[in-house]
Structures are given as C-alpha cells and as structure tokens.
Amino acid sequence: MHTVAPGERIDAGLGNTMWLTADGQHVVVTRDMPDQEQAKRVLDGNVPTGTVNLRTFGDTDGALFTGAYRGPGRLARVTVETGGKTLEAQVVTLPGRPGWAVYHVATAVGSAGSAGSAGSGSGAERVTAYAADGTVLARLDLPQSWR
C-alpha cells in the first residue's frame, strides 16, 4: 500500500496520472487527454460501502484499470482478472483511516488480454479487493456485455 498526501500526483503507468483529494475524489488524467481531469467522487454514494468499482481508460498502447474500494475493512491488495491473467494492482490511500482507498494497474496491449477502452468495454472480467490477511473484502464480476 502506498500512502499519499491529498493532491499528490501518482504515475499510474502508460503516461497516465492520478491523485486523491481530501474531499473524497479519485482523479485521473490520461495521456491522450492531458488537459481533462476525470474525477469520480468516492464518498457520495458512487461507491457504496463494502464494494469495489472499476474504471478503464485505454488506447492503442494499452489500458489503465483503476477504481476505488470503500468499506470497513482496510484494503491491502487488489487483483484485476483480464484475458485469462491476473494483474496485481497498486493500492493507494490517504493518511489515517479515511475509509476508502484506490488502486491502479496499467497493462500494455498484448500483455494481458485485450486492452479495452472506455468506449468499447473494460476488458476486465473480475476485480477483487483483499484485506492484509487474504480475506476478500469485495468482488466485482463484470458481465460479458461490459468486457
């Protein structure tokens, strides 16, 4: 787990950047749209307690899988299953116990199934959030139509 200050920019891979805000936003800036901040509020009901979500940003070079977990358990690990492979994501949180954390993993085209893009499906099949002891905190199974 990586703890960052609010607003601290994180290299999310493949030229993408992300950060967390003190008021509960998960912000992503993709390399193909460097002037557009794509923010998602975590604490206003977009991510119900006890769940994990997924956002996918892709282009011809690959995909960024990112999302948030919100809940009572402390998030330690996230996996994203895509194209028959399991990717280990980096978990990022704010100092203290904010009750939420985000994750990110970037993959190049050909290294883990189809990259997918925001408009053509995520390419991901399942996202699983784990506590440090291996307990599953939340799981998101994506329908075939979303892949």
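Positions are given from 1 along the sequence.
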Check: Are the side chain of Glu125 and the backbone of Gly83 linked by a donor-acceptor contact shorter than 3.5 Å?
Finding: yes
Notebook entry, point to check: Would a distance-only check, ignoring hydrogens and angles, find a side-chain to backbone donor-acceptor pair under 3.5 Å from Arg55 to Gln38?
Noted result: yes
Check: Does any N or O in the side chain of Thr17 come within less than 3.5 Å of the main-chain N or O of Arg9, such that one atom is a donor and the other an acceptor?
Finding: no
Checklist line | Note, Leu64 side chain near Met18 side chain (heavy atom, < 4.5 Å) | finding: no
Next item on the list: State plainly whether one hydrophobic cluster holds both Leu87 and Leu137, where clusters connect Ile, Leu, Val, Met, Phe, Trp and Tyr through side-chain heavy atoms under 4.5 angstrom apart.
Entry: yes
Checklist line | Within one Ile-Leu-Val-Met-Phe-Trp-Tyr cluster: Tyr130 and Met1, side-chain cutoff 4.5 Å | finding: no
Item checked: Cluster link Tyr69 to Val105, ILVMFWY, side chain under 4.5 Å -> yes
Next item on the list: Check whether any side-chain heavy atom of Lys85 lies under 4.5 Å from a side-chain heavy atom of Thr107, and answer yes or no.
Entry: no
Notebook entry, point to check: Under a single-linkage definition using a 4.5 Å side-chain heavy-atom cutoff for Ile, Leu, Val, Met, Phe, Trp and Tyr, are Val127 and Val91 assigned to the same hydrophobic cluster?
Noted result: yes
Check: For the residue pair Ala76 and Ala132, what are the closest heavy atoms and their distance?
Finding: CB-N, 3.4 Å
Margin query: Determine whether Asn53 and Arg70 satisfy the following criterion, side-chain contact (heavy atoms from CB on, under 4.5 Å), listing intermediate values before the conclusion.
Written below: CA-CA 9 Å; Asn53 72 3; Arg70 182 174 172 219; over 6 Å; no
Check: Does the side chain of Tyr103 come within less than 4.5 Å of Leu54's, by heavy atoms?
Finding: yes
Item checked: Between CG on residue Asp59 and CG on residue Asn16, distance to nearest 0.5 Å -> 7.5 Å
Note to self: Side chains of Gln90 and Ile10, heavy atoms from C-beta outward: is any pair under 4.5 Å?
What the structure shows: no
Notebook entry, point to check: Is Val27 reachable from Leu43 through a run of I, L, V, M, F, W or Y residues, each pair having side-chain heavy atoms under 4.5 Å apart?
Noted result: no
Checklist line | Side-chain heavy atoms of Phe57 within contact of Leu14, under 4.5 Å | finding: no
Next item on the list: Spell out, as yes or no, whether a donor-acceptor pair under 3.5 Å connects the side chain of Thr128 to the backbone of Leu140.
Entry: no
Margin query: Is there a side-chain contact between Arg126 and Thr79 in this structure, where contact means two heavy atoms from C-beta onward sitting under 4.5 Å apart?
Written below: no
Check: Going by heavy atoms in the side chains, are Leu20 and Val92 under 4.5 Å from each other?
Finding: yes
Checklist line | Among Val42, Val47, Asn46, side-chain contact (heavy atoms from CB on, under 4.5 Å) partner for Asp44 | finding: Asn46
